[in-house]
Amino acid sequence: MIRIDTLRKQFPDRGNLVNAVDGLSFEVPEGELYTLLGPSGCGKTTTLRCVAGLERPDSGEITLGETVVFSSAQYVPTYQRDIGMVFQSYAIWPHMTVFENVAFPLRVSGERYPRKHIDESVERSLDQVGLAGYEDRMATQLSGGQQQRLSLARALVRQPKVLLLDEPLSNLDAKLREHMRQEIRLLQQRLNITTLFVTHDQIEALAMSDRVAVLRDGQIEQEGTPEEIYTNPASEFVADFVGGSNLVTGTVLSRSTGAVVVETKFGPVTAVPTSGVSTAEGTDVAVAFRPEDLVLLERGAVDPGAANTWPVEVMLSSFTGAITDFRVVTESGQEISVRSPSRNASKERYLFMHAPAAICRLLPRSGVVTRA
Ligand SMILES: Nc1ncnc2c1ncn2[C@@H]1O[C@H](COP(=O)(O)OP(=O)(O)O)[C@@H](O)[C@H]1O
Ligand SMILES: [Mg+2]
């Protein structure tokens, strides 16, 4: 439904050119929610604005449905693209009522819609976002969450084939954000509307998407389902950005069937090999482990000769309800994050940290895991 092929966009920056979008290619099948996830400045908004026709790419091709809306030979202006867009700022009109805000795209579309069509369309989309009854309010009299819904209603009023969402939840408080996350996903699935979603928030991306592309410097570092991205990160960058892994670097000491031993600054670490990562002796690698996969043990519970078990000192423990987040430090001075269910959390200051080999993910020192 959405197809992006080798899209490029540069901007001038103090005499240089910045590659905001650097050869991006991806496809979003009909009815799916596809997320571009990455840190600030990685090119998310620029990509979305290119799809919307608000930014003119330098090269590449953009296809929406059957229509090529951008190529070296073709340029379809924004108002003729079958899209609805929600901006990070909402961009609603403060001097207009709720009704007029939602009607706006119909009034400026160039078509002369009969009044009945406008009324019905506005009612339908206000209903879809749960704002029926608010027609006559001024937009500024709405709460943050309601303004968010209003911008969504306005994006949907022309019943577009494609919905573009640029960090739509970032101005909401934590509780409302979580609620709206589910509402948007439910609405997207109910309308079966193909959606390109942009966020820097990895939890949002994991929770809402059919597929996620992790962006770095205008390029896709890894694409996959939320489960794939989280379970099998392809690089140090993805392991760290999505889910926050602990990373330790080292060199391969030895390998046998099913196990690779890596010399690191806190001693040998035994990991399971990752297909696509070289494990020849002497190779520089990184080992990533998720905070929730690590186990903290009291002295009495430790098997003295066990692999991947190191003494640590607890620097901080934060009780957050069901889980407790620990910050511990190894004897070599490396700080590590550990998450434990609070009911198992020890109160002792000196503990042992155990990393089962199966959860130690081997990654290349630079670049990404090459797919077989
Ligand atoms: N209009 C512009 N003029 C100059 N540089 C821009 C412009 N828009 C974006 N950029 C630059 O392009 C890069 C990508 O920006 P953007 O797409 O906004 O990133 P994101 O939405 O991921 O935070 C950044 O380095 C940003 O400074
Ligand atoms: Mg942005």
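We use all heavy atoms of the structure for the numbers below, so side chains are in, but hydrogens, waters and symmetry mates are not. This structure is a prediction, so every number in the text was calculated from the model and none was measured. Start at 1 and go down the list; that is how both ligands and their atoms are numbered. Residues: numbered from 1 along the sequence shown.
- Under the 4.0 angstrom criterion for non-hydrogen atoms, Cys42 is in contact with ligand 1.
- In summary, of the residues considered (Leu152, Leu196, Thr199), a side-chain contact (heavy atoms from CB on, under 4.5 Å) with Leu165 occurs for Leu152 alone.
- Looking only at protein heavy atoms, the nearest one to atom 18 (O) of ligand 1 is Thr45 CB, 3.7 Å.
- No chain of hydrophobic side-chain contacts below 4.5 Å, direct or via other Ile, Leu, Val, Met, Phe, Trp or Tyr residues, connects Ile184 to Leu36.
- Heavy-atom proximity to Ala20, at under 4.0 Å, picks out these atoms of ligand 1: 12 (O), 13 (C), 14 (C).
- Nearest to atom 11 (C) of ligand 1 among the protein's heavy atoms is Phe11 CD1, 3.8 Å.
- Protein heavy atom nearest atom 15 (O) of ligand 1, with residue, atom name and distance: Thr46 OG1, 3.8 Å.
- The distance from the Mg ion (ligand 2) to the nearest N/O/S atom of Thr45 is under 2.8 Å.
- Distances between N or O atoms of Gly43 and those of ligand 1 include at least one value under 3.5 Å.
- For the pair Arg343 and Phe319, the cation-pi test (distance below 6.0 Å, angle within 45°) is failed.
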Would you please test Ser337 and Arg327 for side chain to side chain donor-acceptor pair (under 3.5 Å) and show each step?
CA-CA 5 Å; Ser337 299; Arg327 193 86 188 145; 2.6 Å; yes
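- For atom 26 (C) of ligand 1, the nearest protein heavy atom is 4.0 Å or more away.
- Nearest non-hydrogen protein atom to atom 23 (O) of ligand 1 is Gly41 N, 2.7 Å.
- Identified under the salt bridge (Lys or Arg N to Asp or Glu O under 4.0 Å) test for residues 272-290, with sequence neighbours left out: none.
- Each ring pair (Phe, Tyr, Trp, His ring centres under 6.0 Å) pair with one or both residues in residues 190-229, not counting sequence neighbours, would appear here, but there are none.
- In this structure, atom 8 (N) of ligand 1 has a protein heavy-atom contact shorter than 4.0 Å.
- Other residues, nucleotides and ligands contribute more than 12 heavy atoms inside 6.0 Å of the CG atom of Asp240.
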